[in-house]
Structure formats: C-alpha cells, structure tokens
Amino acid sequence: MKYWRKLTHKQICDRVFGALDKNVNFRTQGGIGVPASYLDTNVFYDNASFLKDAPFLKTLIENPNHIGCHTLGDSEAFFAGTQEIEKELIKLCAEDLLKGEPGAQDGYVATGGTEANIQAAWIYRNFFMKEYGAKISEIGILSSEDSHYSVPKGANLLNIKWYQAEVDFATRQLNKQALQSLLEGAKANGVKYMIVVANMATTMFGSVDNLDIYVEALEAAGLSYKIHVDGAFGGFIYPVSNPNNPLSFQNKHITSFTMDAHKMAQAPYGTGIFLIRKDYIHYVYTQEAQYVSGLDITLCGSRSGANAVSVWMILMTYGPFGWLEKINKLLYRTSWLCEKLDELGITYYRDPYMNIVTILSEQVPDEIAHEFGLVPDSHSEQKQWYKVVIMDHVELDALDNFTQTMARINK
Ligand SMILES: *Cc1c(COP(=O)(O)O)cnc(C)c1O
C-alpha cells in the first residue's frame with residue numbers, strides 16, 4: 001500500500017485544514033472573478049465551535065469546487081489544496097485497491113456510478129470514432145442482463161445500441177453460447193466495435209462477471225472492444241475480500257472502473273469514483289470549456305470538493321486493516337445468514353466474496369418480504385428474487401429475526 005494507511009483524527013484534521021488553507025480564502029484574498037464563495041453564512045453557520053474538529057463539515061462550508069479532472073493537466077488554482085486530497089484518493093483507489101502501475105491512471109470523484117459508467121461509454125464511443133473512424137451505428141454497448149440500468153441509460157444518451165447478454169438463472173454467470181449468438185447478431189447489424197461494461201458485483205445479486213467469457217467471445221467474433229468494469233457496488237469490497245481478484249488494472253483487457261463510495265463505503269451521496277488508464281480521458285475533452293482552467297473532461301461540471309475529502313477521510317480513518325475487518329464482519333454475517341437458509345432448505349444466490357443474498361421470491365411470502373424491507377428484482381408481478389444486502393446496520397439480530405420468521409412459516 002503506497003497511499004492507504006491509518007491516520008488518527010488529529011492527523012486527518014491537520015491534513016484537511018492544511019488543504020483548506022491552500023485553497024482560496026474568499027474572506028481575506030480577492031478571488032473576485034469566480035462565481036463561487038463559501039456557503040451562505042446566514043443559513044450555514046461558519047463560526048460554530050465544533051467545526052474545528054469537523055474537517056468534512058468545515059470543507060462543506062468552505063465549498064470548494066472540484067470542477068474538471070485533477071490527475072492530468074492544470075486545474076483551477078483556487079482549490080489546489082483540496083484537489084491534492086482528491087488526487088491522493090484517486091491514486092489510492094487505482095493503485096492500492098486496483099493494483100494499477102504508479103501514476104498510470106486518471107480519475108475523478110463523479111456524482112455516482114451512473115455518471116462514471118456513462119463517462120466510460122462516452123470516452124470509448126469517441127475513441128472508436130476518432131481512432132478507427134467508426135460510425136455511431138458500428139458501435140455497440142454490451143453488458144449482462146443483471147447489469148445496472150445506467151448502462152442502457154448511457155446507451156440511450158450516446159445513441160448507441162445496447163446488447164444484453166444472457167446469464168444462467170442459478171449461477172448468474174454469462175451464458176457462452178447465448179453470448180456468441182448475440183455477437184453474431186450484432187455483427188449482422190453492422191457492429192464492429194463493442195463497449196463492454198462488466199460487473200464487479202451486480203446490484204441485485206452481487207454476482208461478478210467472468211471476464212474470460214467476454215474476452216473469448218469478442219476475440220472469436222473478431223470485434224474490437226474496450227472493457228469498463230462497473231464496481232459501483234463491489235468496488236470497495238471485492239478487491240479486498242478476494243485476494244485473487246482478477247478484475248484489476250493488472251488485467252490488460254480492462255481500461256477503466258467505476259467504484260461508488262456512497263454505497264458500501266457509507267460516504268455522502270455524490271461520491272462515485274471513475275478511474276481510467278492514462279491517455280483515454282482526453283477523448284471527451286470539451287473544447288468549448290474555455291473559462292475553466294485546465295481540461296474539462298468530466299460529464300458533470302461543478303462538483304463538491306467536500307465529497308472527495310469525505311471518501312479520503314473514511315479510508316484513512318480505517319486504514320487497510322481496519323477496512324479488511326469491516327468487510328469481513330459483513331461477510332461473516334452473510335455466511336451466517338446463508339447457513340440458516342441452508343438449514344431451512346431455502347434457495348438463494350450468493351457470491352462467496354460478497355455481502356448480498358438473493359432469495360427465490362416464491363419462497364418468501366410478500367408480507368414477510370415487506371416486513372423486513374427485502375428488495376425485489378422487479379416491482380411488477382413477474383418478480384423472481386428478493387435480496388438481503390448486509391450493510392453495517394444489518395446485524396445478526398435482524399438476520400436472526402428474519403430467519404426465525406422464515407422458520408415459523410416453513411413448518
Ligand atoms: C448503484 C449502482 C450503479 C449506479 O450508481 P449511482 O451511484 O446510483 O448512480 C451502477 N452500477 C451498479 C452495479 C450499482 O450497484
């Protein structure tokens with residue numbers, strides 16, 4: 001680990017307050033040309049005494065704008081202090097968590113997984129057009145039927161056709177034959193270039209795609225492709241829980257990742273993380289963005305620097321070992337639930353490195369699902385699954401309550 005270590009509250013305060021000191025101070029130094037200032041002081045009290053111990057809230061009130069991407073080129077000098085913290089966060093995720101080579105990745109804190117997935121598809125669409133002279137109609141986007149709906153959303157926005165790969169009902173793994181014929185069909189439609197969004201834990205099942213299946217099928221079909229990994233849910237768990245994680249920057253087939261800190265890392269909303277190998281992000285450079293210093297190569301414009309600081313603070317408070325323990329606690333509870341379900345003869349899907357248990361809905365009466373707040377795969381009559389997501393607040397007591405209730409009705 002080069003960047004990830006455990007810091008004390010004092011060290012975190014010193015670092016964040018030090019960074020804020022390097023940002024523009026609207027109270028004392030000009031800065032009269034930017035449409036930005038601290039939060040409205042009539043509403044958000046900037047002199048509350050607790051703020052000196054609250055680096056995140058203090059950053060929120062100072063309201064730095066992290067517009068743009070700070071891992072390459074110049075950035076707005078007004079917020080250089082907190083941008084440094086974001087850069088360190090990006091390196092921590094790309095190098096320490098996802099095993100990227102030093103300095104070989106770009107990235108930024110996006111609004112969420114949706115934006116990060118669309119950012120990736122946008123970059124690859126432009127890449128194929130610029131480098132291969134591809135026409136829009138020759139580019140497709142491929143993901144599994146368990147993928148998040150941000151993939152078809154992005155396909156719609158970018159005006160490229162979405163190809164949905166079938167998965168096996170019980171294993172949630174890609175079906176090779178179906179994928180082959182899907183790709184043959186895409187080729188027959190004139191598709192030559194494929195943007196792949198592979199799952200590092202799906203939202204409904206926590207299932208992780210076997211990348212080899214995609215790579216073999218794409219190579220066999222003779223399609224050019226770029227692979228993005230959607231780790232919006234699994235990004236802060238799977239690389240830690242699975243020591244042989246095949247989905248990292250060590251895998252030459254993968255070019256980019258999404259990780260959401262506002263899911264498993266319990267960060268405030270607005271903390272999706274986008275990571276990509278160097279020399280790609282410029283394909284979405286917006287030439288017209290001339291009033292922003294440096295390159296605006298992100299889908300969102302203005303964004304809160306406090307968000308980046310919050311994720312950095314979370315990871316630094318735990319450190320890598322604290323994080324390992326946190327994840328293992330969740331996995332322990334998940335295994336505990338699975339054992340009880342086995343005893344009850346209930347059918348479910350679970351990836352051994354993930355904290356989601358997805359139960360056949362026909363085995364869970366709707367009232368019980370409702371009582372325990374289980375989430376179905378579909379809100380229509382056709383639902384087939386209910387999921388339990390073992391988050392920090394989902395303790396063994398709650399799981400025991402659920403399994404006891406299930407045991408009563410199973411009698
Ligand atoms: C939640 C999720 C997304 C979308 O993330 P938002 O942060 O809600 O935009 C994308 N992919 C997966 C796998 C997710 O679980």
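Both backbone and side-chain heavy atoms feed into the values below; hydrogens, waters and symmetry mates do not. Indexing begins at 1, ligand by ligand and atom by atom, following the structure's order.
- Ring-plane geometry between Phe128 and Tyr132 is classed as tilted, the angle between the planes lying from 30 to 60 degrees on a 0 to 90 degree scale.
- For the pair Gly234 and ligand 1, no heavy-atom separation below 4.0 Å is found.
- Of all protein heavy atoms, the one lying nearest to atom 11 (N) of ligand 1 is Asp230 OD2, 2.6 Å.
- The pair Asp106-Lys278 counts as a salt bridge, with a side-chain nitrogen and a carboxylate oxygen less than 4.0 angstrom apart.
- By the 4.0 Å heavy-atom criterion, Thr202 is excluded from the residues contacting ligand 1.
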Candidate pair Asn199 and Phe205, rule side chain to side chain contact (heavy atoms under 4.5 Å, CB included), full reasoning = CA-CA 11 Å; Asn199 292 300; Phe205 296 91; over 6 Å; no
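- Residue Gly272 places every heavy atom at 4.0 Å or more from ligand 1.
- For ligand 1, the atoms lying closer than 4.0 Å to a non-hydrogen atom of Ala232 are 2 (C), 3 (C), 10 (C), 11 (N), 12 (C), 14 (C).
- Of the residues listed (Trp323, Phe236, Trp312), the one engaging Tyr318 in a ring pair (Phe, Tyr, Trp, His ring centres under 6.0 Å) is Trp323, and it is the only one.
- Proximity to Ala201 (heavy-atom distance under 4.0 Å) selects the following atoms of ligand 1: 13 (C).
- Ligand 1 has an N or O atom lying under 3.5 Å from an N or O atom of Asp260, backbone or side chain.
- Annotation: Asn199 places no N or O atom under 3.5 Å from an N or O atom of ligand 1; distance criterion only.
- In terms of N/O distances under 3.5 Å, ligand 1 is approached by Thr114.
- With a 4.0 Å cut-off on non-hydrogen atoms, Asn117 touches ligand 1 through its side chain and not its backbone.
- No hydrogens or angles considered: a donor-acceptor pair under 3.5 Å links the side chains of Tyr225 and Glu219.
- The closest side-chain heavy-atom distance from Met264 to Leu330 is below 4.5 Å.
- The distance from ligand 1 to the heavy atoms of Gly112 drops below 4.0 Å at these ligand atoms: 7 (O), 9 (O).
- When ring centroids are compared, Tyr349 and Trp385 stay outside the 6.0 Å threshold.
- Near Ser150, with a cut-off below 4.0 Å to any heavy atom, the atoms of ligand 1 are 10 (C).
- Counting only non-hydrogen atoms, the option in His262, Met264, His148, Lys263 that gets closest to atom 10 (C) of ligand 1 is His148.
- Side-chain contact annotation: Asn117 with Thr258, donor-acceptor N/O pair under 3.5 Å present.
- Residue contacts with ligand 1 for Ser147 are absent, since no atom lies close enough (heavy atoms, distance under 4.0 Å).
- Ring orientation note: the planes of Tyr283 and Phe127 are nearly perpendicular, at an angle over 60° on the 30°/60° scale.
- At the shortest separation from atom 6 (P) of ligand 1 among protein heavy atoms lies Gly113 N, 3.4 Å.
- A salt bridge is defined here as a Lys NZ or Arg NE, NH1 or NH2 lying under 4.0 Å from an Asp or Glu carboxylate O, and Arg303 with Glu86 meets this definition.
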